[in-house]
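For ligands, and for the atoms within them, numbers begin at 1 and follow the listed sequence. In what follows, residues are counted from 1 in the order of the sequence shown. Keep in mind that this is a model prediction, so the values were computed, not measured.
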Amino acid sequence: MAVERTLSIIKPDAVAKNVIGKIYDRFETAGLKIAAAKLKHLTRAEAEGFYAVHKERPFFGALVEFMISGPVMIQVLEGENAMKLNRDLMGATNPKDAAAGTIRADFADSIDANAVHGSDSLENAAIEIAYFFDAAEVYAR
Ligand code: IDP
């Protein structure tokens with residue numbers, strides 16, 4: 001399996017719950033390494049740009065409001081099969097459907113406030129990493 005990089009965001013609800021460390025522990029226990037990280041309060045324009053693919057969806061406005069409601073923790077995860085592994089650790093979008101032991105089952109409250117984002121393809125991972133990090137800010141682990 002190839003070493004990959006993927007973008008992860010710990011969303012405002014989970015940052016407010018003070019569970020950044022607990023979520024990082026899930027990543028590290030699964031063998032993923034933090035290759036870049038920043039705590040950041042997104043501007044409206046940054047959140048709208050990041051979720052531009054969803055701009056025609058009915059939940060877009062609420063999603064942007066939520067994502068700018070407080071700081072988020074943004075990281076690049078690196079490791080074997082990192083994109084799919086992170087998606088598996090996250091669990092289903094709606095925490096009601098998320099398997100036991102996943103991050104969303106354990107830390108998310110609703111489909112809106114669902115604790116984490118993770119890139120859903122390697123192509124999107126490259127785009128999303130470049131959206132938040134300069135190449136020199138991402139370290140090979
Ligand atoms: P993902 O985060 O599991 O990849 P996406 O379908 O890419 O899910 O949706 C992006 C985000 O938009 C979700 O994490 C969730 O916060 C929000 N979202 C998705 N679908 C709905 C919905 O039906 N109602 C409200 N929010 C939604």
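- Counting atoms of ligand 1 from 1 in the listed order, those under 4.0 Å from a heavy atom of Lys11 are 13 (C), 14 (O), 16 (O).
- In this structure, the protein non-hydrogen atom closest to atom 1 (P) of ligand 1 is Thr93 OG1, 3.6 Å.
- With a 4.0 Å heavy-atom cut-off, ligand 1 is reached by the backbone of Asp112 and by its side chain too.
- With respect to atom 15 (C) of ligand 1, the closest heavy atom belonging to the protein is Ile111 O, 3.2 Å.
- Counting protein heavy atoms only, atom 5 (P) of ligand 1 is closest to His54 NE2, 3.8 Å.
- Phe27 and Ile9 fall into different hydrophobic clusters, defined by Ile, Leu, Val, Met, Phe, Trp and Tyr side-chain heavy atoms under 4.5 Å apart, directly or through other members.
- In the vicinity of Arg87, heavy-atom distances shorter than 4.0 Å reach the ligand 1 atoms 1 (P), 3 (O), 4 (O).
- A donor-acceptor distance shorter than 3.5 angstrom exists from the side chain of Arg26 to the backbone of Gly101, with no hydrogens or angles considered.
- Annotation: Lys38, atom NZ; neighbour count of heavy atoms from other residues, nucleotides and ligands within 6.0 Å is above 12.
- Remark: ligand 1 atoms within the under-4.0 Å shell around heavy atoms of Asn114 are 13 (C), 14 (O), 15 (C), 16 (O).
- Heavy atoms of other residues, nucleotides or ligands lying less than 6.0 angstrom from NZ of Lys17 number more than 12.
- In this model, no donor atom of one side chain and acceptor atom of the other lie less than 3.5 Å apart for Glu78 and Tyr139.
- Ranking the protein heavy atoms by distance from atom 18 (N) of ligand 1 puts Phe59 CE1, 3.5 Å first.
- Among all protein heavy atoms, the one lying closest to atom 2 (O) of ligand 1 is Arg104 NH2, 3.1 Å.
- Ring geometry for His117 versus Tyr51: interplanar angle over 60°, hence perpendicular rather than tilted (30 to 60°).
- Interatomic distance, Leu7 CG to Met83 CE, rounded to the nearest 0.5 Å: 13.0 Å.
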